[in-house]
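Hydrogens, waters and symmetry mates are skipped; everything else that's a heavy atom, side chains included, is used. One-based numbering, in listed order, for ligands and for the atoms of each. What you see is a predicted model, and the numbers here were worked out from it, not measured in a lab.
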Amino acid sequence: MSSSIKELLIAAKQRLHQKNIEGAYLAPDLILAHLLKVTKEHLYAYPEKTVPPNLAKHFWELIERREKGEPLAYILGKKEFYDLELEVAPGVLIPRPETELIIDIIQEYFSPSQKFIFADLCTGSGCLGITIAKKFPLAKGICLDISAKALQVASKNKSKHNLKKQLLLVQGSLTHFFFQKQLDLIVSNPPYLSYEEVEKSSLEVKGYEPHLALLGGKKGLKFYPFLRRLIQQALKPRGIFIAECSPLQKEDLKTIFSSFPNLKIIKDLAGRNRFVFVQNHC
Ligand SMILES: C[S@@+](CC[C@H](N)C(=O)[O-])C[C@H]1O[C@@H](n2cnc3c(N)ncnc32)[C@H](O)[C@@H]1O
């Protein structure tokens, strides 16, 4: 039997709501709009329209995935970051809204007409490197990740946003990485959760997102000494370093980065200590 847009949406919302799924009222709209290749506003404008049975069947398969806890971004294969749509896939961390603040901070220090060289270490989907390259068309960047899957997705995002000339993607480990060039900017969102934090995270996170992207060793601090080494080795005088961190790590990070007198810990929009910031000595 065929169903209308309205019938499918009402039934799916009830089903997700009964299972206490986050976003129960919006996810069905986004999933159906994605399948029909229309906007969600189109669904609201034409609620009586019939959905072809093959698409309705696919819709229920995707609703079932969401019902089991799979993140919506993996189901849709995309996620908004800053003002860009990025491709995401299982095996790659879904970009988080708090990470977007790194872009705002960078915009305070660099202008769109400036030429500069940057590195995005632990690039994942490429969200930071790609957004920086889009905002600063004269900048050139190197995006590093250890995961082949992450680089595959970052490469698709690089092509999607026409950044062939600006970005170089490199597979390798931050722990063994050295730069030939001097950099104006280093950004990083390294894996920074402790074993305990990963264990306590929601099923959506620990059951679906790659632990390689989440876990930063026993206390979550494993990667910061390597980032410190790269600041010392590759950041130009007055160059900027920004890395995301866990709000629980403020005191440890002050110790790790104590050789930088102008170290700042910057809060996110929710008021949690979220970023380590260094402007290199003059
Ligand atoms: C927290 S995710 C950040 C991804 C992306 N930058 C973002 O903000 O959404 C951390 C990334 O670090 C990568 N990674 C883990 N260990 C690494 C290592 N030793 N060297 C380089 N990248 C690593 C993971 O594959 C993952 O993509």
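- What you find for C245 and L253 is that their closest heavy atoms are CB-CD1, 3.4 Å.
- Every protein residue with a heavy atom nearer than 4.0 Å to ligand 1 is included here: L93, P95, T99, C122, T123, G124, C127, D145, I146, S147, G172, S173, L174, N189, P190, P191, L212, A213, F223.
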Quiz: residues 138-146 side-chain donor-acceptor pairs under 3.5 angstrom, not counting sequence neighbours:
residue : atom : partner : partner atom : Å
D145    : OD1  : S147    : N            : 2.9
D145    : OD2  : T123    : N            : 3.3
D145    : OD2  : G124    : N            : 2.8

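- Aromatic ring centroids of F241 and F260 lie 6.0 Å or more apart.
- Annotation: side-chain hydrogen bond (donor to acceptor under 3.5 Å, both in side chains) contacts of T175 (sequence neighbours excluded): S173.
- For F116, the ring pair (Phe, Tyr, Trp, His ring centres under 6.0 Å) test picks out F110, F136, with sequence neighbours left out.
- Note that OH of Y192 and SG of C122 are 12.0 Å apart. Values are rounded to the nearest 0.5 Å.
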